[in-house]
Structure formats: structure tokens, C-alpha cells
Amino acid sequence: MNELLNILQYMDDPNARYVLTGTFLLGLSAGVLGCFAILRRRALVGDAVAHAVLPGVCLAFIIVGDKDPFALLIGSMVFGWISMIVMDAIVRNTRLSTDAAIGMVLSVFFGLGVVLLTYIQSTGNVNQSGLDAFLFGNAASLMPGDVQVFGTLSVIILITVAVSYKEMKMVSFDPDFAKSIGYPVKRIEFLIATLMVMTITVGLQAVGVVLMASMLIIPAAAGRYWTESLGIMMIIAAGVGALSGVGGTVISGLAPAMPTGPWIVVTALFLFLISFMFAPKRGEVIRKVRNMRNRVRIQDENVLKTIYLLQEQDGLDGKVRSLRDILKRRRMNIRKTRSSLGRLITGGFIDLVPGKPGGYLLTEKGRARAMRLVRVHRLWELYLTSQVQIAGDHVHDDAESMEHLITPEIEEQLTSLLGRPDTDPHRRKIPYGETTTEGGLL
Amino acid sequence: MSNKIPPIEVHDLTVAYRKKPVLWDIDFDVPEGKLIAVVGPNGAGKSTLIKTIMGLIDPVSGKILVYGKPVDRERPRIAYVPQRESVDWDFPISVYELVLMGRYSHLKLFHRPGSNDRRIATEALEKVGMSAYANRQISQLSGGQQQRVFLARALAQQADIYLMDEPLAGVDAATEATIFELLRVLRDEGKTVLVVHHDLQTVSGNFDWVMLLNLRLVSFGPVEEVFTAENLQKAYGGRLNILTQVVELAREKSFVRESGHE
């Protein structure tokens with residue numbers, strides 16, 4: 001209760017609202033740019049650039065002697081670009097791989113930045129307060145002037161992406177093709193890189209150089225879980241970014257001297273975990289549920305098929321089969337088989353016949369389904385031996401899993417390709433059900 | 001030969017990658033309206049050749065003309081189908097969006113595709129038999145379907161020349177037949193089609209002309225004249241092996257002409 005009151009008080013403060021607007025816009029642009037970073041596999045480059053702008057910011061401060069947002073902007077842009085050029089040059093001219101180049105640039109530039117930061121602190125310049133926020137971010141150190149400059153920058157970034165969305169999408173997906181139709185690929189890549197440096201600059205004071213990369217990566221990674229469309233992914237990533245920006249700022253504002261960056265990242269991570277777990281289709285929970293359902297279905301179908309095979313073996317269609325009969329024919333876990341039998345009864349695939357000896361009997365519906373499984377299994381075995389030239393003793397295991405997977409369309413293709421064969425490679429009859437002319441089935 | 005300007009002229013082309021020559025002193029004119037296979041062993045420079053024609057790789061020396069002009073001035077008339085593996089098929093776009101990209105070659109930068117572009121993209125998808133997949137995400141496609149979608153994107157470009165990098169790699173027999181049929185239709189419409197091809201079995205009967213390549217241009221002409229056992233021997237084995245050995249030697253000793261860009 002007390003916390004809620006604190007938050008409300010915090011929101012009421014006009015300065016805080018300024019800061020919140022700033023982190024909100026930062027989250028939006030970082031989310032959007034991050035989509036390009038992760039889809040173009042440049043996430044680590046973003047991390048290196050974020051660290052590499054620190055010496056630029058410090059140099060700007062040394063030269064101007066003040067935390068002037070424009071000077072900081074220019075300083076970080078210049079060093080952002082230099083770091084990208086250096087990484088590119090290392091990869092191109094040495095035998096070092098990309099990750100080594102990224103690692104080198106990140107640590108060397110960051111090290112230089114820390115040296116400069118220490119130097120500034122030793123000079124005792126009164127304007128330096130808040131400069132250490134560049135490491136881990138302190139939203140409270142944002143002045144209204146800073147927010148105005150960085151907020152405008154965020155808006156410019158978003159508008160640029162909106163205008164050149166088609167070009168950036170093309171270049172990110174297939175740069176060779178883009179070049180083949182005459183796109184200025186280098187210039188568009190340079191534009192994306194520039195926007196990334198700008199985003200990093202915007203986030204400098206609120207998040208800090210150390211954690212800035214996660215603002216690019218985490219919201220975009222979260223967005224990927226929800227959709228298969230780049231446009232929607234960017235909107236979700238922007239939303240996740242903005243929400244983490246605002247959330248992290250509020251949380252860190254509740255306690256004095258709490259760094260903002262870590263809280264923004266923690267909030268973003270929380271939203272990512274929700275996406276990772278619960279997103280439809282790609283989410284882990286949904287996938288687990290889907291896998292479990294599949295396993296259950298396969299188990300049920302195996303039980304059903306076993307009863308059918310018992311009937312096929314002795315030709316006694318009306319004979320009830322006990323659990324023992326079933327397990328003797330196919331080794332299965334007894335508990336799982338029991339629950340399968342229960343589900344099959346509920347589904348109307350088998351009947352439970354009481355009495356002595358009691359047991360299970362396929363219904364018409366169950367018989368048709370089991371027959372289809374056996375048919376597909378044998379068709380597939382025949383296909384593998386006759387068309388794919390796989391030895392007859394190697395095909396059973398594959399068919400055992402394929403029979404649960406093959407769709408009626410594929411089954412039809414198989415039947416017509418093989419010319420509706422009568423027997424499988426092991427000379428067992430392929431059952432076609434009511435459409436066959438032989439007696440005894442209907 | 002008539003004095004019509006050939007679709008593609010390649011003069012004295014040499015391309016190197018990290019100082020190792022990949023194509024050496026290649027010279028040929030591509031005839032108009034022919035379906036041409038480019039064959040040769042692995043590393044013969046087949047992909048490099050069409051990438052260089054498209055301006056994706058800068059040659060060490062030589063000149064390439066498309067309808068008598070530098071390729072940059074004739075880009076809307078020439079369509080390129082990259083190798084299937086060259087892109088990330090998990091990229092979040094739909095089949096239709098991918099095909100629509102073919103229309104970007106006729107659009108100015110920052111202009112959106114219009115209803116005419118959408119119609120052409122839809123028709124291109126129909127031609128490759130992938131209409132039913134228009135709204136699928138591209139990661140759900142099989143290898144053969146990926147090739148067909150790439151082809152549809154090239155068709156949407158409505159170009160006069162088509163350069164294709166292994167469009168028949170990793171496709172099933174049915175897709176192969178569909179793609180060959182599409183190539184023939186393009187040829188019958190008077191287009192010039194150059195296909196990097198890996199399967200020597202399917203050259204005769206499917207292509208008009210064939211280019212045998214192995215670092216050097218071994219032979220280039222109508223299939224019935226050029227696609228001979230002797231030429232194949234030259235391209236895939238025999239004397240050129242010595243050339244390859246010398247090139248390797250030259251590379252070890254850093255003896256080869258410097259590339260301007262590598």
C-alpha cells in the first residue's frame with residue numbers, strides 16, 4: 001500500500017514525468033532498432049558499440065567542460081562509428097574472426113572510457129556529477145534539457161525507421177538480392193548502424209553503456225516469440241521496451257541512489273520470460289502442452305493398433321482382449337496403457353465388455369482408425385523399400401513413428417504412387433477396409 | 001551472328017577471392033532467348049560468375065556489359081535468384097511478402113508497392129504453384145518450396161535476363177519438373193535464362209546451351225555440340241588439374257596479381 005502511494009507521489013512530480021517520457025521513448029526506439037540487430041545477427045556488435053561510446057562521451061565532457069547533451073551526442077556518435085569501422089577493418093584485414101574483433105573493440109574502448117572517467121573524477125570538476133551514471137544509468141540525473149534532446153532523437157529514429165521500413169527489411173533479409181536490384185545496400189546498412197548508435201546515445205544516461213545492449217536485444221527477442229511478421233514484431237518489441245523503460249524508472253525511483261539501468265533490464269527480462277513461456281505457438285508452455293498431447297495420442301493409437309493386430313493375428317474379430325493380451329502383444333507401460341484404454345472408451349473407439357473373461361473390443365469407429373494406422377504403416381514400409389531403396393529390415397522403426405504423422409493427403413499420394421498394393425514388404429496384407437471387395441470386413 | 005546487342009557480354013574477366021583466382025580470363029557473349037546451363041566441378045567459379053555479372057563481387061579485371069551497358073544502368077531488366085542457403089529462412093516474413101520484394105526493382109526508394117505490384121506478385125506465386133502458401137511464414141517451407149518462392153520473386157521482377165544460382169539444388173523430382181517447365185516458359189517468352197546447375201544428368205534435353213566452367217571457360221555453345229565427353233573430361237579432370245595445381249602453388253607463394261578489393 002505504502003509502495004503504491006510512493007509510486008503515485010513519484011508520478012506526480014513534474015520532473016519525474018519528464019524522465020518517464022524520456023525512458024518511454026528510449027524503450028520504443030531501442031525495441032524497434034533491436035529487431036534489426038537480432039535479425040541481422042548484429043546483437044553483439046550493438047553491445048560492443050554501446051561500450052565503445054564511453055570514451056567519446058568522456059572526451060566530449062573534457063572538451064566542453066559540461067554535460068551538454070549535444071556535445072555528448074556528438075562524442076558518442078563519433079566513437080560509435082569509429083568502433084564499427086575498427087571491427088570491420090579487423091575482420092577484413094586479419095585472420096581474426098568476428099567474435100574476436102567484437103571482443104577486442106568492446107574491452108579496449110570500454111577500458112579507455114573508464115580511464116577517462118577516472119581522470120575526470122580526479123580533476124574535481126563540479127559539473128561532473130552524474131557522469132558516472134553513464135556506467136549503469138541513473139534516470140534521476142536526466143535534466144529536462146537532456147530529455148528534450150534525447151526525446152527528439154528517439155522520435156527522429158522512429159520516423160526514419162517508419163519511412164525506410166521497406167528498404168531496411170529488404171536489406172536485413174537478403175542483402176545480395178537487394179544489391180542485385182540496385183539498392184544502395186551499404187548506405188542503408190550505414191543508416192541502420194547510425195540509428196543504432198543514436199539509440200545507444202539516447203540510452204546513455206538512463207540505462208548506461210554496460211547494460212544498453214540488453215535494451216536492444218531483450219525486447220526484440222521477446223517480440224519474436226509472439227509473431228511471424230516483422231512489422232508486428234517491431235511494434236511488440238517497442239511496447240516491451242517502453243514498458244521496461246517506464247517500469248524500471250519507477251522502481252528505481254522508489255529508493256534513493258538506485259541505478260536505473262539494472263531495473264530497466266530486470267523489467268525487460270521479466271517481460272521476455274512471459275513471452276518465452278506463454279506466447280502462442282512459439283512459447284515453451286504451449287509447446288510442452290502440444291508435445292504432451294502428441295505423446296498421449298501416439299500412446300492411445302498404439303494401444304488401439306495392438307488390439308487390431310491381435311484380431312488380425314487370430315482372425316477372431318468378436319473376441320474380447322484383456323489388458324494382459326494387449327501387453328503380451330506389445331510391451332507398454334501398464335499404467336499408461338490403462339489410462340489410454342480409459343480415454344479410448346470415452347472416445348468411443350473401444351467397448352469395455354464386462355464378465356468372465358472380460359476385456360476390450362474395438363468399436364466400428366475404433367476399428368477404422370486402427371486399420372488406417374496399420375495401412376499407413378505398411379504403405380510407408382513399402383514406399384521406403386521400393387522407392388527409397390532402404391532395406392526391408394530397416395523400415396519398421398521409421399514407419400512406427402510415421403504412421404501417427406502421415407496426413408490423409410500424403411496417404412492418398414502414397415496409395416496412388418504405389419498403385420494400391422496388396423501386401424507390404426513383409427508380405428502382410430495391407431488393409432483397405434470397406435472399399436475392398438473381399439468378404440469378412442463389412 | 002547478327003549485329004544485335006547480346007544480353008550479356010563478358011570480356012577478359014578475372015575474379016579473385018583472397019588473392020586466389022576463382023575465374024581466370026573469361027570471355028563470352030550470351031545469346032538472346034536461350035536456356036543455358038552453367039556446369040563445372042565444385043569451386044569452379046559458377047556462382048562467382050553470376051554474382052560478378054550482377055555486380056555483387058568486384059572483378060580484378062575485365063568488363064561486363066548487359067545489353068551493351070554497365071549492369072547498374074540495366075538492373076530492372078536482369079533478375080537474380082540467389083542460392084537458397086544465402087538467407088535466414090527463419091526471418092519473420094510471409095511467402096507473399098518475399099515475392100513482393102521482386103517488385104522493389106521497379107519501385108523507387110521509399111515508395112510502397114501498389115495494386116499492380118500486388119497483382120503481379122500474386123500471379124508469380126500462382127505460376128510456381130504456391131498460391132496456397134501465400135500467407136505462410138517462410139520457415140514452414142520445404143527446400144523445394146523455398147526454391148519455388150525464390151523463383152516467384154524473380155518472376156515478379158518481369159526481367160529480360162534471369163541469372164539463377166542452383167535453383168534445382170535440394171528439390172524433389174516433382175518440383176524439378178515444375179521448375180524446368182517454368183524455365184522453358186521463360187525461354188519461350190524470349191527471355192535469356194542462365195542457370196548454375198549441378199546435375200550433369202539433366203543437362204541434355206532441358207537446356208539449349210551449356211557453359212562448362214572450371215576456373216577457365218572450357219567450352220560454351222549449344223548442348224549437342226559442346227556437351228561432349230571430351231569437354232567434360234576437360235572441365236572435370238585431366239589437364240586443368242595442372243592449372244589448378246599451379247594456382248594453388250601461386251597462392252602459397254603469394255604470386256598472384258593483387259586484387260583491388262580483397
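In terms of heavy-atom proximity, A:Phe177 sits nearest to B:Pro82 at CB-CG, 4.3 Å. Taking every heavy atom of both residues into account, B:Arg112 and A:Ala162 meet most closely at NH2-O, 3.1 Å.
Within a 6.0 Å sphere centred on CD of A:Glu412, other residues, nucleotides and ligands contribute 12 heavy atoms or fewer. More than 12 heavy-atom neighbours from other residues, nucleotides or ligands sit within 6.0 angstrom of NE2 on B:His111. For CZ of B:Arg119, the number of neighbouring non-hydrogen atoms (other residues, nucleotides, ligands) closer than 6.0 Å is greater than 12. Within 6.0 Å of the CZ atom in A:Arg187, the count of heavy atoms belonging to other residues, nucleotides or ligands does not exceed 12. Few gaps surround CZ on B:Phe28; more than 12 heavy atoms of other groups in view lie less than 6.0 Å from it.
Among B:Leu107, B:Val81, B:Leu109, B:Asp72, the residue making the largest number of heavy-atom pairs under 4.5 Å with chain A is B:Leu109.
Residues B:Pro92 and A:Thr227 fail the side-chain proximity criterion, which asks for heavy atoms closer than 4.5 Å. Side chains of B:Lys51 and A:Asp176 form a contact here, defined as non-hydrogen atoms less than 4.5 Å apart. A heavy-atom distance below 4.5 Å is not found between the side chains of B:Ile78 and A:Ser180.
A salt bridge links B:Glu97 to A:Lys169: one of the charged nitrogens lies within less than 4.0 Å of a carboxylate oxygen. A:Lys179 has no carboxylate O lying under 4.0 Å from a charged side-chain N of B:Asp58, or vice versa, which leaves the two without a salt bridge. Electrostatic pairing of B:Asp88 and A:Arg41 counts as a salt bridge here, judged by a charged N lying under 4.0 Å from a carboxylate O.
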Let me see the working for A:Glu228 and B:Ile138 under side chain to side chain contact (heavy atoms under 4.5 Å, CB included), right down to the final yes or no. CA-CA 9 Å; A:Glu228 301 293 348; B:Ile138 55 170; over 6 Å; no
Could you walk me through whether A:Asp174 and B:Arg153 satisfy the side chain to side chain contact (heavy atoms under 4.5 Å, CB included) test, starting with their C-alpha distance in whole Å, then the side-chain angles of each, then the deciding distance to 0.1 Å, before giving a yes or no? CA-CA 12 Å; A:Asp174 193 346; B:Arg153 180 174 68 175; 2.8 Å; yes
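A cation-pi arrangement is absent between A:Lys166 and B:Phe110, since the terminal nitrogen or guanidinium carbon is not both under 6.0 Å from the aromatic centre and inside a 45° cone about the axis.
The aromatic rings of A:Phe173 and B:Phe91 sit tilted relative to each other, their planes meeting at an angle between 30° and 60°.
Separation of atoms CE (A:Met170) and CG (B:Leu98) is listed at 7.5 Å; rounding is to 0.5 Å. Note that OG of A:Ser229 is 11.0 Å distant from CG of B:Asn135, once rounded to the nearest 0.5 Å. Atom NE2 of B:His106 sits about 9.0 Å away from atom CD1 of A:Ile181, to the nearest 0.5 Å.
With a threshold of 4.5 angstrom between heavy atoms, A:Pro184 approaches chain B through side-chain atoms but not through N, CA, C or O.
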